[in-house]
Amino acid sequence: MKALVGKTAFVTGAASGIGSGIATVLAQAGVKVMLCDIEERALTKAVADLKMTNADVDGVKADVSLKGELQAAADATVARYGKVHILVNNAGIGGGGSYGRWTDASWNWTIGVNLMSVVWGVEIFGPLIEAHGEGGHIVSTASIAGLIPGSGPAYDVTKYGVVALSEGLRVALAPRGIGVAVLCPGFIRTQIMNSRRNVPQRFGTIEEPPTEGPRAEFVKMVEERVSKGIDPLFVGELVREGIEQDWSYIFTDNEFEPLIDERFAAINQGFDRIRGRKPWR
Ligand SMILES: NC(=O)c1ccc[n+]([C@@H]2O[C@H](COP(=O)([O-])OP(=O)(O)OC[C@H]3O[C@@H](n4cnc5c(N)ncnc54)[C@H](O)[C@@H]3O)[C@@H](O)[C@H]2O)c1
């Protein structure tokens, strides 16, 4: 999508971090942006701050892990701006627990916010983008954890899911004039390590991460890396460029490229082991 000026974007998780960075950069590029988030106060502030820059933006509160609320947010966006061209499925949470500590509540929360919201986002906004015939773009925020595991089972599963969904939809939606990209950030300076601030009550109690042992050390390391992470505005700039140039994968840095190479090497090794065998007799 080359010409962004005058187009409309709907961005989830836009009150903080990466979503805020994307919303800001798109607004600066002349895109009308509907910011969507579950955290009302942060959302109101984010919208007010952007309006001070003369951007054409508005906000809508929604818990994206509820399909009905996402649908209502889409309706509000159409009522406000008429058309939607760009969907950014970005809202997400860190957590889900590790082996031995996960619970149904932590799985349900992680799958609901990180994965089902993306499925529903596509389902609800895809036809809206198609309807006006001007083309559009869908960007979904996965993670490097969508390509290599290590952030915790539930988080990894949802992020692999977002990558899989995006790769498949890129092929399926191209003939319909919709570009599809998946954003796979490394460590970004956001509030992700404080995701529990936004647990919808219906999921039940989400346990705090452990304070001792290897998992606690891991969480401390991630907290440290996130606190010194990449500026979300830099990520926003990459997303804008990715939309304009129709990139399929939007990465933020090369830190984890060697680990992804290792994963591909292990997969290739699996194929090498059975090369030459005859499975069909
Ligand atoms: N920060 C990183 O290092 C990093 C790395 C890789 C991927 N990501 C992904 O980036 C995305 C954005 O996270 P972030 O790092 O900016 O964290 P963040 O906590 O700063 O922002 C996430 C936003 O999503 C909102 N949100 C949470 N639950 C919601 C719900 N149910 N409905 C609507 N909005 C909800 C929050 O209120 C918040 O504004 C997530 O999908 C996350 O998994 C982050």
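Both counts, for ligands and for their atoms, begin at 1 and track the order of listing. What you see is a predicted model; the values in this text were computed from it and never measured.
Contact between Gly186 and ligand 1 is present, with at least one heavy atom of the residue lying under 4.0 Å from the ligand. In this structure, Arg197 counts as a contact residue of ligand 1, since one of its heavy atoms falls inside 4.0 Å of the ligand. Residue Glu69 places no heavy atom under 4.0 Å from ligand 1.
Any N or O atom pair closer than 3.5 Å counts here, and Gln191 shares at least one such pair with ligand 1. In terms of polar-atom proximity, defined here as any N/O pair under 3.5 Å, Asp37 does make such a contact with ligand 1.
The shortest heavy-atom contact between Glu207 and Thr103 is OE2-CG2, 4.2 Å.
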Return all side-chain donor-acceptor pairs below 3.5 angstrom for residues 210-221, not counting sequence neighbours, or 'none' if the list is empty.
from	atom 1	to	atom 2	distance (Å)
Arg215	NH2	Ser151	O	3.3

Indicate every side-chain donor-acceptor pair of residues 236-244 with a distance under 3.5 Å to a residue at least two apart or in another chain.
from	atom 1	to	atom 2	distance (Å)
Glu237	OE1	Arg240	NE	3.3
Glu237	OE1	Arg240	NH2	2.8
Arg240	NH1	Glu244	OE1	2.9

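Using modelled atom types, one side-chain atom of Lys159 and one backbone atom of Thr141 make a donor-acceptor pair closer than 3.5 Å. With hydrogens and angles ignored, the 3.5 Å screen pairs a side-chain donor or acceptor of Thr8 with a backbone N or O of Lys83. In terms of modelled atom types and a separation under 3.5 Å, the side chain of Asn114 and the main chain of Ile93 share a donor-acceptor contact. At least one donor-acceptor pair closer than 3.5 Å links the side chain of Thr12 to the backbone N or O of Asn90. With Thr252 contributing its side chain and Gly186 its backbone, the two residues share a donor-acceptor pair below 3.5 Å.
A continuous path of ILVMFWY side-chain contacts below 4.5 Å connects Ile178 to Phe125, so both sit in one hydrophobic cluster.
Closest to atom 9 (C) of ligand 1 among all protein heavy atoms lies Thr141 CG2, 3.6 Å. From the protein, the heavy atom lying nearest to atom 35 (C) of ligand 1 is Ile38 CG2, 3.5 Å. What sits closest to atom 20 (O) of ligand 1 on the protein, heavy atoms only, is Ser16 OG, 2.6 Å. For atom 16 (O) of ligand 1, the nearest non-hydrogen atom of the protein is Ile18 N, 2.8 Å. Atom 7 (C) of ligand 1 has as its closest protein heavy atom Ala142 O, 3.3 Å. Nearest protein heavy-atom neighbour of atom 32 (N) of ligand 1: Val64 N, 2.9 Å. Looking only at protein heavy atoms, the nearest one to atom 11 (C) of ligand 1 is Asn90 O, 3.2 Å. Distance from atom 2 (C) of ligand 1 to its nearest protein heavy atom, with residue and atom name: Ile188 N, 3.6 Å.
In summary, the atoms of ligand 1 found under 4.0 Å from a heavy atom of Asn198, numbered by their order in the structure, are 36 (C), 37 (O). Of all atoms in ligand 1, listed by their number and element, those nearer than 4.0 Å to a heavy atom of Lys159 are 40 (C), 41 (O), 42 (C), 43 (O). Below 4.0 Å from some heavy atom of Phe187 lie the following atoms of ligand 1, by number and element: 3 (O). Interface atoms of ligand 1 facing Pro185, defined by a heavy-atom separation under 4.0 Å, are 5 (C), 6 (C), 7 (C). Atom numbering of ligand 1 starts at 1 in the shown order; those under 4.0 Å from a heavy atom of Glu39 are 37 (O). Atoms of ligand 1 lying under 4.0 Å from at least one heavy atom of Tyr155, given by number and element, are 6 (C), 7 (C), 8 (N), 9 (C), 42 (C), 43 (O).
Looking at Asp63 against ligand 1, both its backbone and its side chain come within 4.0 Å, counting heavy atoms. Using a 4.0 Å cut-off between heavy atoms, Pro232 makes no contact with ligand 1 at all. Heavy atoms of Ala62 found under 4.0 angstrom from ligand 1 belong exclusively to the backbone.
Taking the side chain as every heavy atom from C-beta outward, Leu165 and Ser140 never approach each other to under 4.5 Å. The side-chain heavy atoms of Leu147 and Cys184, taken from C-beta on, include a pair separated by under 4.5 Å.
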Step-by-step side chain to side chain contact (heavy atoms under 4.5 Å, CB included) determination, Leu183 to Ile18:
CA-CA 10 Å; Leu183 169 64; Ile18 295 172; 4.0 Å; yes
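Looking at Thr190, Ile93, Thr12 and measuring to atom 15 (O) of ligand 1, the nearest heavy atom belongs to Thr190. Remark: among candidates Gly92, Gly19, Gly17, the nearest residue to atom 22 (C) of ligand 1 is Gly92, based on non-hydrogen atoms.
Under the 30°/60° scheme for interplanar angles, the aromatic rings of His85 and His132 are found to be tilted.
Tyr81 and Asp58 are not linked by any side-chain donor-acceptor pair at a separation below 3.5 angstrom, with hydrogens and angles left out of the test.
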